Participant: 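Here it is, the structure in full.
All values reported here derive from a predicted model rather than from experimental measurement. Residue numbers begin at 1 in each chain, while the letters A, B, ... track the order of the sequences.
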There are 2 protein chains.
Amino acid sequence: MASIKDVAAEAGVSVATVSRVLNDHPSVSADARTRVLAAVETLGYRPNAVARSLRTDQTRTLGLVISDVLNPYFTELARSVEEEARALGYSVIIGNADERPDLQDHHVRTLLDRRIDGLLVSPTDGGSPLMLDAARAGTPMVFVDRWIPGVDVPVVRAEGRAAVRDLVAHLHRLGHRRLAIIAGPAATTTGQERVEAFREALGAHGLELPDAYIGQGDFQAESGRRVTEGFLDLAEPPEVVFAADNLMALGALDAVRARGLRIPGDLALAAFDDIRWFVHTDPPITAIAQPTGELGRAAVRALVDRIEGRPGESVTLPARLVVRRSCGEHPTPVQRSTT
Amino acid sequence: MASIKDVAAEAGVSVATVSRVLNDHPSVSADARTRVLAAVETLGYRPNAVARSLRTDQTRTLGLVISDVLNPYFTELARSVEEEARALGYSVIIGNADERPDLQDHHVRTLLDRRIDGLLVSPTDGGSPLMLDAARAGTPMVFVDRWIPGVDVPVVRAEGRAAVRDLVAHLHRLGHRRLAIIAGPAATTTGQERVEAFREALGAHGLELPDAYIGQGDFQAESGRRVTEGFLDLAEPPEVVFAADNLMALGALDAVRARGLRIPGDLALAAFDDIRWFVHTDPPITAIAQPTGELGRAAVRALVDRIEGRPGESVTLPARLVVRRSCGEHPTPVQRSTT
DNA sequence: AGCGCTCGTGGAATCGATTACACCGACGGG
DNA sequence: CCCGTCGGTGTAATCGATTCCACGAGCGCT
C-alpha cells in the first residue's frame with residue numbers, strides 16, 4: 001500500500017508538503033498542491049490512520065459499550081450514536097457486553113488499548129475497577145441509559161418515573177390491583193429505578209409491592225420466562241406483570257403461551273422500552289417508550305464536548321406511556337398508539 | 001499514559017527487554033522478567049495498540065459491514081461474528097450501511113484506512129469500485145449472506161432454495177394459488193435469488209409468478225408496507241404474500257392491520273429470516289430460518305484463514321422452513337415450530 | 001588454554017504520518 | 001541598495017512500539 005513517501009516521490013516534493021496538502025495547511029503553492037493531488041490520485045493513496053493516530057495522539061474514534069446487541073433498544077441506540085458521531089467526524093467502535101461484566105471489561109480494555117478518544121457506556125453492573133480507573137484517569141466518558149453513581153461522568157438517560165405513574169394509573173383504572181414486576185439486575189441503575197418508580201406509583205394508589213411480586217430478572221428473555229412461571233405458580237398470582245425491558249417481556253410472552261393462557265384475560269402485560277414489534281404481538285403490548293434516538297445523539301454530543309475540552313453536560317429526557325391492548329380495554333375509548 | 005520507556009526506566013532495563021517480556025520471547029532472564037512485570041503492575045502500563053499496529057502492520061481487527069443494524073438477522077450475525085473473532089484473538093469493528101451504498105462505501109473506506117486485517121461484507125449493492133479494488137488489491141475479504149458475483153472472494157451463506165420449495169408446497173397444500181413476493185433490491189444476490197427460488201418452486205406446481213405479484217422492496221419495513229398496499233389494491237389481490245426479509249414482513253403486517261384485514265383469513269403471510277418475535281405476532285408467522293450463528297462463525301473462520309495465509313473456503317448451509325399459523329391451518333395436524 | 005556456542009541484553013532502525021525549525025528567494029519599505 | 005518579512009519548502013525529530021544486529025559473559029569441548 002502506497003505511503004506518503006511514495007506520493008512525495010511521485011509528486012517530486014517532500015513528505016512535509018504532501019502532509020500539508022492533505023491537511024490543507026495554508027502555505028502550499030497552487031502548483032505543488034495540484035501535483036500532490038495528482039500523485040494521490042494515480043497512486044490511489046489513502047493516509048494510514050494508524051500512523052496518523054500515533055503521531056497526533058487522537059483516533060477520532062468513540063467506543064460504545066452496550067449491554068446487549070440482541071436488544072432492539074440498544075441496537076437503535078447504537079444506530080443513532082453512530083449517526084451523530086459520523087456527523088461530527090468520528091467513528092464508533094461497538095462492544096457488546098451481553099450483560100456480562102467480564103465481557104464489558106474486556107471491551108473497555110481493548111477500546112482503551114486502541115486509544116479511542118472517548119467512551120460511551122451503558123454499564124452492566126455497579127462498575128468494575130477498570131472503568132472507575134479510566135474515569136479517574138481522565139478518559140472522556142459519558143454514561144448512557146444506565147450509569148454508575150458516584151462517578152463524575154455526564155449521564156444521558158430517560159426519566160421513566162412519570163410514565164410509570166401513568167402506567168400504574170392506567171392499570172388501576174382497568175381494575176387491576178395485584179401488580180408484579182420483572183426487575184432488572186439490582187446492580188444496574190435502570191434495574192433499581194424501575195422497581196422504585198413502580199413501587200412509588202403503586203403507593204400513590206394505596207397498593208403494596210410485596211416481595212413475591214418482585215421477580216429478579218437479568219434483562220434477558222430467558223429470565224422473563226422463568227420469573228413469569230414463578231408468578232403463575234403463586235397461590236395468588238398477579239393480575240399484571242410489568243417487565244422492566246422488552247426482552248423480558250418476550251420471555252413472559254413465552255411463558256404465558258406455554259401455559260395456554262391469554263393476555264390480557266388471564267394475565268395483563270406491560271413493558272419498559274417500546275419496540276416496533278409490540279404493535280403486532282398478540283395482543284399489542286402496552287409499553288413505556290424512550291426517546292432512544294435523541295438519547296444517543298445527546299450522549300454523543302456530550303462526549304464530543306468533553307473530548308474537545310467543553311463541559312459536556314448530563315441530559316435527562318422524558319419517557320412516555322404508549323397504551324395498547326395487553327392490559328385490557330377501557331370501557332370508554334382511550335388514547336391509542338399510532339405507531 | 002505510561003509508555004514502554006517508562007516501564008523500561010522503572011525496571012532498569014531497555015525497552016527491547018520490556019518488549020520481549022510482553023511478547024513472551026524466550027530469551028529473557030527470570031530476573032528481568034519479574035522486574036518488568038512488577039514495573040508494568042505499578043505503572044498500570046498497557047501497550048499502545050496503535051503503535052504496535054504501526055510497527056507490526058497488523059491490527060488483529062476484522063471489519064464487518066452489515067446492511068442494516070436494525071434488522072435482527074444482522075444483529076444476530078454480528079453477535080456471532082464478534083464471538084468467534086474474540087475466540088480467535090481478533091476484535092471486530094461494525095459498520096452499518098443502512099442499506100445505502102454510499103454509507104457502505106464510507107465504512108469500507110474508514111475500515112481500510114484503519115488497516116483492519118480483513119473485511120467481512122454483506123454487500124448492499126452490486127459492488128462499488130472501492131470494494132472491487134480492495135478485493136483485487138488483496139485485502140483479505142469474505143462475503144457473508146449476500147455476495148458479489150465475479151469477485152474471487154469466499155462466500156458464506158445459506159441456501160434457501162429447498163426451504164422455499166417446502167414453503168410453496170406447504171402453501172399449495174393449503175389451497176393457495178395466487179402467491180406474491182415482496183422482493184429485495186435486484187442489486188443484491190439475496191434479493192434476486194429469493195425471487196428466482198420462489199418462481200421455480202411455483203413452476204413445480206404449475207403456477208406462474210406474474211409481474212404484478214412481484215413487489216419491489218428494499219429490505220426495509222416501509223417498503224414492505226408500500227408493496228403490500230399495492231398488492232391489496234390489485235383487482236385480483238394475491239392470497240399469500242412472501243416477504244424476502246423480516247423487516248418487510250413487519251411492514252406487510254402494518255399494511256394489513258391498517259386496512260383492518262386478518263391474517264391468514266384475508267391474506268396469508270410468510271417471511272424469509274426467522275426471528276423470535278414471529279412466535280408471538282398475531283398470528284405467529286411462518287418463516288424460513290437461517291442458521292445465522294453458524295453462518296457468522298463460519299465466515300470468521302474463513303476470513304481468519306485468509307488472513308493467516310490459509311485458503312479460506314466458501315460455505316453454504318441449508319435454511320429450513322418453520323411452519324406457524326400465518327398461512328392458514330392444515331385440516332390434519334402438521335409439524336409445528338418448537339421455538 | 002582457546003575456540004565457538006548460546007544466552008541475555010541494549011542500541012538503533014523502522015513503521016507512516018505530523019510538525020517545529022531552518023532556509024531560501026522575492027518583494028516592499030526606508 | 002539593503003534589510004526585514006513572508007510564503008513556500010525541505011530536513012529531521014517525534015509518537016510507541018518491534019526487532020535486527022552486535023556485543024559481552026559464561027560455558028563446554030577439544
Participant: Over all heavy atoms of both residues, which pair between B:Ala8 and B:Val15 is shortest? Give the atoms and the distance, please.
Facilitator: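 Scanning both residues, the minimum pair turns out to be CB-N, 3.7 Å.
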Participant: Could you please name the option among C:dA17, C:dA12, D:dC15 that lies closest to any side-chain atom of A:Pro47?
Facilitator: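 Of the candidates, C:dA17 comes closest.
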Participant: What's the closest nucleotide to the A:Leu54 side chain, out of C:dT18, C:dG16, C:dG10?
Facilitator: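 The nucleotide sitting nearest to the side chain is C:dG16.
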Participant: Just checking B:Asn23: base, sugar-phosphate only, or nothing, at a heavy-atom cut-off of under 4.0 Å?
Facilitator: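 Sugar-phosphate, no base atom in range.
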Participant: Any side-chain heavy-atom pair from A:Ile116 and A:Leu62 closer than 4.5 angstrom?
Facilitator: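 Counting from C-beta outward, A:Ile116 and A:Leu62 never come under 4.5 Å.
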Participant: Could you tell me whether B:Val13 contacts a base, only the sugar-phosphate backbone, or nothing, with contacts defined as non-hydrogen atoms closer than 4.0 Å?
Facilitator: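 Sugar-phosphate contact only.
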Participant: Out of C:dC15, D:dT9, C:dA17, which nucleotide sits closest to the side chain of A:Ala32?
Facilitator: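 The answer is D:dT9, which lies nearest to the side chain.
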Participant: Whole angstrom is fine here: how far is it from CZ in A:Arg46 over to P in C:dA17?
Facilitator: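 Atom-to-atom, A:Arg46 to C:dA17, this comes out as 11 Å.
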Participant: How is A:Ser19 classified with respect to the nucleic acid when contacts are heavy atoms under 4.0 Å: base, sugar-phosphate, or nothing?
Facilitator: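 If one applies the 4.0 Å heavy-atom cut-off, A:Ser19 turns out to touch a base.
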Participant: Considering every strand and a 4.0 Å limit on heavy-atom distances, what is the contact class for A:Val18: base, sugar-phosphate, or nothing?
Facilitator: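 No contact.
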Participant: Considering only heavy atoms and no angle criterion, is a donor-acceptor pair shorter than 3.5 Å present between the side chain of A:Arg52 and the base of C:dT18?
Facilitator: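 No, no donor-acceptor pair under 3.5 Å.
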Participant: CD of B:Gln58 versus P of D:dT18: gap in Å, rounded?
Facilitator: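 In whole Å, D:dT18 P and B:Gln58 CD are 11 Å from each other.
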Participant: Just the rounded figure in Å: distance from C1' of D:dA17 to CZ of A:Arg114.
Facilitator: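 Going from A:Arg114 (CZ) to D:dA17 (C1'), I get 16 Å.
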Participant: For B:Arg55 and B:Asp31, take the nucleotide of DNA chain C holding the closest heavy atom to each; which residue's nucleotide lies nearer the 5' end?
Facilitator: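 This one resolves to B:Asp31.
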Participant: Can you tell me the distance, in whole Å, between the CZ atom of B:Arg35 and the P atom of C:dG10?
Facilitator: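 Spelled out: CZ on B:Arg35 to P on C:dG10 is 8 Å.
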Participant: Is the phosphate of C:dT9, meaning OP1 or OP2, less than 4.0 Å from a side-chain N or O of B:Ser29?
Facilitator: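 For C:dT9, OP1 or OP2 has a side-chain N or O of B:Ser29 closer than 4.0 Å.
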Participant: A:Asn48 CG to C:dA17 P: how many Å, rounded?
Facilitator: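 One finds 5 Å between P of C:dA17 and CG of A:Asn48, rounded.
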Participant: Between C:dA17 atom C1' and A:Ile4 atom CD1, what is the distance in whole Å?
Facilitator: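 A:Ile4 atom CD1 is separated from C:dA17 atom C1' by 6 Å.
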Participant: Quick check on D:dG8: is either OP1 or OP2 less than 4.0 Å from any side-chain nitrogen or oxygen of A:Ser27?
Facilitator: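 False: A:Ser27 side-chain N/O out of range (4.0 Å or more) of D:dG8 OP1/OP2.
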Participant: Looking at A:Arg60, is its backbone amide N or carbonyl O close enough to the side chain of A:Asp117 to form a donor-acceptor pair, meaning the two atoms are under 3.5 Å apart?
Facilitator: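 Present.
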Participant: Is the side chain of B:Asn48 donor-acceptor paired with the backbone N or O of B:Val50 at a distance under 3.5 Å, no angle test?
Facilitator: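 Yes: the side chain of B:Asn48 pairs with the backbone of B:Val50.
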Participant: Counting only side-chain N and O atoms of A:Thr17, is one of them less than 4.0 Å from OP1 or OP2 of D:dG10?
Facilitator: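 Yes, within the criterion.
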Participant: With a 3.5 Å distance limit and no angle check, can you tell me whether B:Asn96 reaches the backbone of B:Val69 through a side-chain donor-acceptor pair?
Facilitator: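 Indeed, once roles are kept as given, a pair shorter than 3.5 Å links the two residues.
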Participant: Under a 4.5 Å cut-off applied to non-hydrogen side-chain atoms, are B:Asn71 and B:Phe219 in contact?
Facilitator: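 SC-SC contact between B:Asn71 and B:Phe219 ruled out.
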Participant: Could you tell me the separation between the CE atom of B:Met1 and the P atom of D:dC15, rounded to a whole number of Å?
Facilitator: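 B:Met1 atom CE is separated from D:dC15 atom P by 16 Å.
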Participant: In whole angstrom, give the distance that lies between atom CZ of A:Arg20 and atom C1' of D:dA12.
Facilitator: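 Those two atoms, CZ and C1', are 13 Å apart.
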Participant: Choosing from C:dT18, D:dC15, C:dA17, which nucleotide comes nearest the side chain of B:Lys5?
Facilitator: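 Nearest to the side chain of B:Lys5 among the choices is D:dC15.
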